[in-house]
Amino acid sequence: MTTVFISADMASVALGADALADAFARAGCTVVRTGSRGLFAIEPLVEVQEGEARIGYGRVGPDDVAAILSGDHPRRLGPVDALPFFARQQRFTFARCGINDPLDMAAYAASGGWRGLEAARAMAPQAVVDAVKASGLRGRGGAGFPTGIKWQTVLDARPAEKFVVCNADEGDSGTFADRMLMEGDPYCLIEGMAIAAHAVGAGHGYVYIRSEYPFAIRAMQGAIERSASLLAPFTLEVRVGAGAYVCGEETALLDSIEGKRGQVRAKPPLPAIEGLFGQPTVINNVLSLAAVPFILSEGAEAYAAVGLGRSRGTMPVQLAGNIRNGGLFEIGFGISLGELVETVGGGTASGRPVRAVQVGGPLGAYIPPSMFDLPFDYESFAAAGALIGHAGITVFDDTVDMAQMARFAMEFCAVESCGKCTPCRIGSTRGVETIDRIIAGGRGGDRVEALPQMRNAKARQKIVEQEIALLRDLCDTMKYGSLCALGGFTPYPVLSALDHFPEDFGAPAMPAAAE
Amino acid sequence: MTMERREPVEAVVARLLAAQGERRGALLPLLHDLQEELGFVGEETVAAVAHAMNLSRAEVHGVVSFYHDFRKAPAGRHVVKYCRAESCRSRGGVAIETALADRLRVAMGETRADGQVTLEPVYCLGLCAIGPNALVDGAPVARIDGAAAIERIAATVAA
Ligand SMILES: Cc1cc2nc3c(=O)[nH]c(=O)nc-3n(C[C@H](O)[C@H](O)[C@H](O)COP(=O)(O)O)c2cc1C
Ligand code: SF4
Ligand code: FES
C-alpha cells in the first residue's frame with residue numbers, strides 16, 4: 001500500500017489539504033498527516049513514499065490523485081528536502097516539522113526527541129543554565145534578551161513555587177513560526193519547557209496560546225496529554241487567549257493567566273522574581289524554548305557555531321505578505337535582508353517591484369530596498385533604527401501607500417492599547433487623525449478649502465508640513481511616555497514610513513531616501 | 001429561533017465553574033466555556049459569574065469588556081472573521097474587505113439584520129504568506145483574492 005504525507009497545518013488546510021487527504025484515502029493510500037514543510041507556494045503538497053525517498057507534488061488537488069499515483073504528474077517536484085528553498089536552510093529548531101505525524105510519540109523519539117531532556121536531567125540545574133548561556137540563545141519573542149541569564153535569575157530566586165510560561169500569543173502580522181512549530185512538532189516545545197522546568201526548579205507550566213490558533217491549541221493539548229507521564233512530576237496546561245494583542249507582552253500575559261484584564265505591569269519587579277501569582281517565573285517565546293532541546297542534545301557549541309556577532313544560532317525567519325516563496329526559512333543569523341527577500345523569497349508574488357518590507361510585526365520599521373544589504377541580526381537592525389522582533393518579514397510591492405500603512409499602525413495601536421498610558425491610549429487615536437489630515441492635504445486639500453470664502457486659510461503646503469511636525473512630536477511622546485512597546489514602538493513603522501517614503505505623505509521626496 | 005426552556009444561566013455557570021476544578025485563574029477559561037455554550041457573555045452571565053466566584057460585577061465586567069473575543073450579544077448564524085493586518089493588506093486585503101462586506105451585505109463589525117451572518121475583524125491568523133485570509137465558522141480560508149473566492153464564502157454563509 002502506498003503511503004503519502006499531507007500536512008494538516010492550519011495554512012495547508014486553508015489551502016485545501018483536507019480534501020486532498022480524503023482523496024488519497026479514498027484511493028486506498030495510507031495517509032499520514034504531518035505539519036507543514038513551510039513553503040506555502042507549493043501547497044497543497046503531497047509527498048509519496050517511494051522506497052526511502054519522499055517525492056513531492058506541489059499545488060495539487062483531489063483531481064490530481066490518479067496521475068500522482070501513476071508517477072507521471074507534471075507537478076512532480078522530486079524529494080522535497082532537495083528543493084533549493086529547503087536545501088539552504090539550517091533547521092535546528094524545525095528539523096522535524098513537516099516530516100512526522102506531530103502527535104506520534106514513537107516518531108518523535110525515533111527522530112532524536114527527548115534526548116535533550118534526558119541529557120538535562122542527568123545534569124545539575126546550574127549546568128543546564130550554563131549550557132543555555134553558552135549557546136548564546138537570546139529571546140526570540142522580540143526583545144532578544146539572553147535566555148540563560150533569565151533562567152539564572154529564576155534559579156537563584158528564593159525557594160518557592162516556580163513556573164515556566166510559554167508565550168505563544170504570536171500576535172504579530174507576518175509571523176507564524178510559533179504556530180507552525182506547535183502544530184508540526186509540539187513535543188519539541190514541551191521538551192524545551194520540561195528542560196526549563198528542570199533548570200529553574202519549576203513544577204508547573206502554562207502554554208498561553210492565542211484564540212486565533214485553534215489548530216495549535218488542539219495539537220498542544222493532545223501532545224501534553226500523551227507526554228504527561230514522561231514529564232512527571234512537571235505538569236503542563238494550555239491557556240487560551242481572548243483576542244487581545246497586548247497579552248503577548250509578558251506581564252499582561254501573566255495577568256491574563258491569572259484571570260484578569262491583560263494590562264501591562266510596571267517593571268520591576270521582573271517576572272523572574274515576581275511573576276505568575278507573584279512567584280518566580282520563566283517566561284519565554286515558543287521559539288526560545290523550542291531551541292533548547294537541540295542545545296542540550298547537540299551541545300551549546302553546535303548551536304553557537306552559526307550566527308553573526310552576538311546573535312548566535314539560527315532564526316526561523318518568516319517570509320510573508322506579497323512574496324513569491326512565502327514560508328518558513330530557518331537559517332543562521334547574518335544572511336542579508338535582500339537575500340532573504342529577493343533570492344530566497346523570489347521577490348513579490350505580484351511580480352511587481354518590492355517597495356518596502358516591514359520586519360518584526362506591527363511595531364517594526366518599514367525598510368526600503370536601498371537598505372537590503374542589512375545583515376539579519378539584532379545589532380545591525382537596531383543600529384539601522386529597525387528591529388527583527390519575531391523575525392517576520394512582510395513584503396509590499398510598489399502599489400502600497402505608505403501613508404495608509406502608517407495610519408494603520410496608529411489604528412492598530414488604538415484598537416489594541418491596554419489603556420494604561422495616555423500617550424498610547426489617546427495618542428494613537430490622535431495619530432490616526434493627524435495622518436488623515438496629512439493624507440487629505442497631500443491630495444490637494446478638500447473642496448471647502450478651495451472655496452473663495454476660505455481665502456484666509458493657511459497655504460496647503462504649510463498645513464502638511466505642520467501636521468507632519470505634529471506627528472513627529474506625537475511619536476516622540478509615545479516613544480518616551482509609554483510603559484510598553486505597543487505605545488513605545490508604534491512610532492517605528494510610522495516614522496520609518498515617513499522618513500523613507502515622504503512622497504506618500506505629500507511631503508517632498510528626500511533625495512537620500514530615494515534609491 | 002424557538003426557545004426550549006433552557007437551563008437557567010446561574011445553573012450553567014455553576015456547572016461550568018465546577019468543571020474548572022481547582023484551577024487557578026479560572027475566570028478566563030470559564031468565560032470561554034460560557035461563550036461556547038451560550039453564544040455570548042451578556043449582563044445576566046456577568047452577574048451570575050460574579051456571584052459564583054465571589055467577585056464584584058465590575059471586576060467581571062472589566063475582564064469581559066477587555067477582551068475582543070467576548071460578545072455582548074449573540075452573533076449571526078455564521079461568523080466570518082476577516083484578517084485586517086499588514087500581511088493580508090500587502091496582498092490586496094483592503095479592497096477585498098470592501099468587496100466581501102458588500103457581497104455579504106453587512107458592515108465590518110456588524111451582524112446582518114436577518115441574523116444570518118456576522119463579519120468581524122481579526123488581526124492576523126498566522127497564515128500571512130497566503131492571504132487575504134479569514135476564518136469562516138472557524139474554518140480557515142486562504143487566498144481570498146477575487147470574486148470567485150468571495151462567492152464561495154457567500155455560499156457558505158447563505159446556508
Ligand atoms: C505589545 C507586545 C506584544 C508582544 N507579543 C509577544 C508575542 O506575541 N510573543 C512573544 O513571545 N513575545 C511577545 N512580546 C514580548 C514579550 O513581552 C517578552 O519579551 C517575551 O515573551 C520574552 O520571551 P523571550 O525572551 O523568549 O523572547 C510582546 C511585547 C509587547 C510589548
Ligand atoms: S504602552 Fe499602551 S499597551 Fe503598553 S502599557 Fe501603555 S497603554 Fe498599555
Ligand atoms: S496578516 Fe492576515 S493572516 Fe497574518
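Keep in mind that this is a model prediction, so the values were computed, not measured. Residue numbering restarts at 1 for every chain, and letters A, B, ... go by the order of the sequence lines.
Residue contact with chain B, scored on non-hydrogen atoms closer than 4.5 Å, involves the backbone and the side chain of A/C418 alike. With a 4.5 angstrom heavy-atom cutoff, A/A349 touches chain B only via side-chain atoms. For a residue to count as touching a neighbouring chain, one of its non-hydrogen atoms must lie under 4.5 Å from one of that chain's; by this rule A/V400 does not touch chain B. For A/F40, the parts lying under 4.5 angstrom from a heavy atom of chain B are both the backbone and the side chain. At a 4.5 Å heavy-atom cutoff, the contact between A/E411 and chain B is made by side-chain atoms alone. At a 4.5 Å heavy-atom cutoff, the contact between A/M405 and chain B is made by side-chain atoms alone. With a 4.5 Å cut-off on non-hydrogen atoms, A/Q318 does not touch chain B at all. Neither the backbone nor the side chain of A/D397 comes within contact range of chain B; no heavy atoms are under 4.5 Å apart. Only the backbone of A/V395 comes within less than 4.5 Å of a heavy atom in chain B; its side chain stays farther off. Neither the backbone nor the side chain of A/E170 comes within contact range of chain B; no heavy atom of the residue lies under 4.5 Å from a heavy atom of that chain.
The shortest distance between side-chain heavy atoms of B/V122 and A/E212 falls below 4.5 Å. By the 4.5 Å heavy-atom criterion applied to side chains, B/S65 and A/R261 are counted as neighbours. Counting heavy atoms from C-beta outward, A/S256 and B/Y67 have side chains that approach closer than 4.5 Å. Between B/R89 and A/T394, every side-chain heavy-atom pair lies at or beyond the 4.5 Å cut-off. Between B/R24 and A/E237, the closest side-chain pair of non-hydrogen atoms is not below 4.5 Å. At least one side-chain heavy atom of A/R210 sits less than 4.5 Å from a side-chain heavy atom of B/C124.
The 12-atom threshold is exceeded at NE2 of A/H204, counting heavy atoms of other residues, nucleotides or ligands nearer than 6.0 Å. Residue B/R23 qualifies as enclosed at atom CZ: its count of foreign heavy atoms under 6.0 Å is above 12. Residue-environment remark: CZ (B/R112) exceeds the threshold of 12 foreign heavy atoms within 6.0 Å.
In this structure, CD1 in B/I130 is found 8.5 Å from CZ in A/F176, a value given to the nearest 0.5 Å. Expressed to the nearest 0.5 Å, how far CG of B/L127 lies from CG of A/D9 amounts to 8.0 Å. Remark: A/R179 CZ to B/L125 CG distance equals 9.0 Å, nearest 0.5 Å. Between A/S211 atom OG and B/F70 atom CZ the span is 8.0 Å, to the nearest 0.5 Å.
When each of A/G171, A/G174, A/A320, A/G262 is scored by its heavy-atom pairs under 4.5 Å with chain B, the top score falls to A/G262. In terms of heavy-atom pairs under 4.5 Å with chain B, the best-connected choice from A/E258, A/M10, A/R239 is A/R239. Interface summary for chain B: among A/F408, A/F412, A/F396, the most heavy-atom pairs under 4.5 angstrom belong to A/F408. Ranked by heavy-atom pairs under 4.5 Å with chain B, the list A/G259, A/G321, A/G243, A/P493 is led by A/G321. Of the listed residues B/Q35, B/R84, B/K81, the one with more heavy-atom pairs under 4.5 angstrom with chain A than any other is B/R84. For chain B, the option among A/K260, A/E43, A/M180 with the highest count of heavy-atom pairs below 4.5 Å is A/K260. If you tally non-hydrogen atom pairs under 4.5 Å between each of B/P121, B/G92, B/A142, B/G131 and chain A, the highest count goes to B/A142.
The backbone N or O of B/S87 sits less than 3.5 Å from a side-chain atom of A/S173, completing a donor-acceptor pair. Distance alone, capped at 3.5 Å, places no donor-acceptor pair between the B/R91 side chain and the A/N322 backbone.
Not less than 6.0 angstrom separates the ring centroid of A/Y245 from the ring centroid of B/Y123.
Nearest heavy atoms, A/G241 versus B/H32: O-NE2, 2.8 Å. The two residues A/G327 and B/A129 make their nearest non-hydrogen contact at N-CB, 4.1 Å.
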